[in-house]
Asks: 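Sharing a structure here in structure tokens format.
All chains are named by letter (A, B, ...) in the order of the sequence lines, taking the proteins before the strands, and each is independently numbered beginning at 1. It should be emphasised that the depicted structure is a prediction, and the values quoted were computed from it without experimental measurement.
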Number of protein chains: 2
Amino acid sequence: MPNSQNKKCRIAVDAMGGDFAPANTVVGAIDASAADNNIQLLLVGDKDKIKKVLADKNLQFPDEQIVHANEVIDMSDSPTAALKSKPNSSIVVGAKLVKDGKADGFISAGNTGAMMAASTLIIGRIKGVSRPTIGSSFPTQNGDYCSVYDVGASVDSKPSHLYEYALMGSIYAKEMHNIPKPTIGIMSVGEEKSKGNELTFATHELLSNSELNYVGNVEGRDVLKGTVNIIVCDGFVGNIILKLAESTIGLLKSRIKKYAEKGIINKLKALVVKGVFKEALSDMDYQSYGGVPLLGVNGISIIGHGSSSELAIKNMVLKAKEMFDKQLLQKFEEALKDYAKSK
Amino acid sequence: MPNSQNKKCRIAVDAMGGDFAPANTVVGAIDASAADNNIQLLLVGDKDKIKKVLADKNLQFPDEQIVHANEVIDMSDSPTAALKSKPNSSIVVGAKLVKDGKADGFISAGNTGAMMAASTLIIGRIKGVSRPTIGSSFPTQNGDYCSVYDVGASVDSKPSHLYEYALMGSIYAKEMHNIPKPTIGIMSVGEEKSKGNELTFATHELLSNSELNYVGNVEGRDVLKGTVNIIVCDGFVGNIILKLAESTIGLLKSRIKKYAEKGIINKLKALVVKGVFKEALSDMDYQSYGGVPLLGVNGISIIGHGSSSELAIKNMVLKAKEMFDKQLLQKFEEALKDYAKSK
């Protein structure tokens, strides 16, 4: 891992979050810290359970880096209510570590809504950010990076929010994906600027008059084509885009399964298809990704799928470290300061 | 074809609309009328060009059923402006045939926006309909019928519009797809009724208090899962859903192509994949479908892809005939009358 800062980064990991916790979280997090010795890990959760995993897996981990939290916010808990009813939950305790300056970042594969609420309400926003945002990268035809903001942190985004998404998304793409001048599009129903709704028209005005590399409207088909690097839209729309795209692989698998049931020849052909899929379409299996950062929060916050594997947890910790090394939060704040001045 | 009414249905076909017109339109339309002798065809377009196709293909067609129109609205023309600037275009002339009671329906694979505008502005709306709507059926995992309304006729749908979409969509699913009580969902960002935006909350109230088989919110993943038969949403959202879903096959094809380029074994495997796709995923190739009806217009109006084949045109004509036989327009008007009374 690059470590331009050569500085310790303290990363808190929700040991209890996700379907396979705490085994996958403990092992994945320790794997990450073994890969980069500037990571100082804090494991947040039930101390006894964490120690049992450490013993079972024969792993060494300093006792003082285990932060006890005796409650767990379940997947079925109501996010904001749970923050109050479960103050000793791993998500609340982890977010407080960041808030109190005891950790630089927090990652969790637990209840997504609770993680968003804890990050926004406990850690708080970067100065100048009205709405934190979650982006999601999509597999593209041309192989180019394409990330959609927002995919679910908000459902009634205003033009200024979309502007902030474009700004933070650009910095993220530049720093984390080495794209010098990321192209930006507004999700709409036609390429012409006359096509769209009130939100797209007003956002068009804001982005046209900015320094950002805004190229115009894009359509639903442009996500998987990879026409632009950053697509901004209301979180309601982005969430639907994400869940629809994620569900494609399920349709494919069920169709191939049905095809295979029609006889031995079909079964053999389906085996070939599965092998090709595994190689050619691996990035359509969104579940295997690492987590996605919640941008705009005044601390690094990364949210993973409930089904995160050890590797996904490891990647989330390493991503947090990379965001720390590249000083993304400082860069967001700086850019938003310039935007505020220009208004 | 069933023909319960045993009554002539006069269907006007835009002979000039689409990438392969007039050859595909003339042949496809005549194929349809050969399959059902209660279809009385009107071919609308450049008379000389239509006659040339008839001669080339050695087809007999009564001269008086060719309605001359010497202009064509191109794919690049601005829809509403073109209605005025090209009053002798095949789309305007065809829509007027319905308006004037000289045809029961009109189909076109030409400029979609112009066809929508002509249908709405020239033919007009059914009494009680605020907004005509276009639905699109999607391939589903479970094989069940799932159609999303609206996919692009409107971009700022109100709750009452979504109610009308649900009502007309239900009647369409019942009559045309033999689903006795179609299930209806509202597209949102979570299944709980607390998840969504102002539009979904207000639509929830309307649908909850209706006779329709409303089951609650659905999410982006439910389209391809086939969780419900009818999904209602703002046309802005539906258009993005449609274009994103349509683009999936392009991503798959490009990935398989890249895979095939890596060597002879890969090439052979890719051939197997292509064959399986053709059989198992044919309904993901949206282009090959027939057209989609614009519901709520006071006449049958069916809009096809620009790339419609002869078969697609034939299917569009037969679909118009089926809608006529099943008296869909009368059923829409009746249902909306009851809705107006209940308010």
Asks: Pick one of side chain, backbone, both or neither for B/Val273, based on which atoms fall under 4.5 Å of a heavy atom in chain A.
Replies: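 Both backbone and side chain.
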Asks: Can you tell which part of B/Lys262 gets under 4.5 Å to a heavy atom of chain A, answering side chain, backbone, both or neither?
Replies: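 Only the side chain of B/Lys262 comes within 4.5 Å of chain A.
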Asks: What's the separation between atom CZ in B/Arg221 and atom CG in A/Leu251, rounded to the nearest 0.5 Å?
Replies: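 CG of A/Leu251 is found 14.5 Å from CZ of B/Arg221.
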Asks: Between B/Lys257, B/Lys195, B/Glu219, B/Lys225, who has the most heavy-atom pairs with chain A when the cutoff is under 4.5 Å?
Replies: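 Looking at each option in turn, the highest pair count goes to B/Glu219.
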Asks: Identify which of A/Asn266, A/Val276, A/Val272 forms the greatest number of heavy-atom pairs closer than 4.5 Å to chain B.
Replies: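 Option with the top pair count is A/Val276.
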Asks: Using atom types as modelled and distance alone, determine if a side-chain donor or acceptor of A/Lys258 lies under 3.5 Å from a backbone N or O of B/Ala280.
Replies: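 The answer is no, because no donor-acceptor pair under 3.5 Å joins these two groups.
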Asks: If you measure from CD on A/Glu192 to OG on B/Ser78, what distance do you get to the nearest 0.5 Å?
Replies: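 One finds 9.0 Å between CD of A/Glu192 and OG of B/Ser78.
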Asks: What part of A/Asp222 gets closer than 4.5 Å to chain B, counting heavy atoms only: side chain, backbone, both or neither?
Replies: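 Looking at A/Asp222, nothing touches chain B.
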Asks: Measure the shortest side-chain to side-chain distance between B/Pro139 and A/Arg255 over non-hydrogen atoms and say whether it is less than 4.5 angstrom.
Replies: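 Contact flag for B/Pro139/A/Arg255 side chains = yes.
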Asks: Can you find a heavy atom in the side chain of A/Ile241 that is under 4.5 Å from one in the side chain of B/Ile240?
Replies: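 Yes; the side chains approach each other to less than 4.5 Å.
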Asks: Below 4.5 Å, heavy-atom pairs only: which of B/Ser194, B/Ser188, B/Ala270, B/Cys233 has the largest tally toward chain A?
Replies: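 Looking at each of B/Ser194, B/Ser188, B/Ala270, B/Cys233 in turn, B/Ser188 comes out on top.
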Asks: Closer than 3.5 angstrom, by distance alone: can the side chain of B/Lys243 be matched with the main-chain N or O of A/Val189 as a donor-acceptor pair?
Replies: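 Yes; judged by distance alone, with no hydrogens or angles, the pair exists.
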Asks: What heavy-atom pair brings A/Ser247 and B/Gly220 nearest, and what distance separates the two atoms?
Replies: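 For A/Ser247 and B/Gly220, the tightest heavy-atom pair comes out as OG-O, 4.4 Å.
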Asks: Among A/Asn239, A/Leu244, A/Val237, which residue has the highest count of heavy-atom pairs closer than 4.5 Å to chain B?
Replies: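 Ranked by contacts with chain B, first place is A/Leu244.
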Asks: To the nearest 0.5 Å, tell me how far B/Asn197 CG sits from A/Asp234 CG.
Replies: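 So the CG of B/Asn197 and the CG of A/Asp234 are separated by 7.0 Å.
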Asks: Counting only heavy atoms from other residues, nucleotides and ligands, does the tally under 6.0 Å from CD of B/Glu261 exceed 12?
Replies: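 Yes - once you tally the heavy atoms of other residues, nucleotides and ligands closer than 6.0 Å, there are more than 12.
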Asks: So which part of A/Phe236 gets closer than 4.5 Å to some heavy atom of chain B, the side chain, the backbone, both or neither?
Replies: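 When you check distances to chain B, atoms from both the backbone and side chain of A/Phe236 fall under 4.5 Å.
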Asks: Any idea which of A/Asp156, A/Thr248, A/Thr200 has the most non-hydrogen atom pairs under 4.5 angstrom with chain B?
Replies: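 The residue among A/Asp156, A/Thr248, A/Thr200 with the greatest pair count is A/Thr248.
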Asks: For A/Lys269, look at atom NZ and say whether over 12 heavy atoms of other residues, nucleotides or ligands are found less than 6.0 Å away.
Replies: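 Count not over threshold, so no.
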Asks: So, taking the atom named CZ in B/Phe277 and the one named CG in A/Leu252, what distance separates them when rounded to the nearest 0.5 Å?
Replies: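 Between atom CZ of B/Phe277 and atom CG of A/Leu252 there are 6.0 Å.
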Asks: Nearest heavy-atom pair of A/Gly196 and B/Val155: which atoms, and what distance?
Replies: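 A/Gly196 and B/Val155 have their closest heavy atoms at O-CG2, 3.3 Å.
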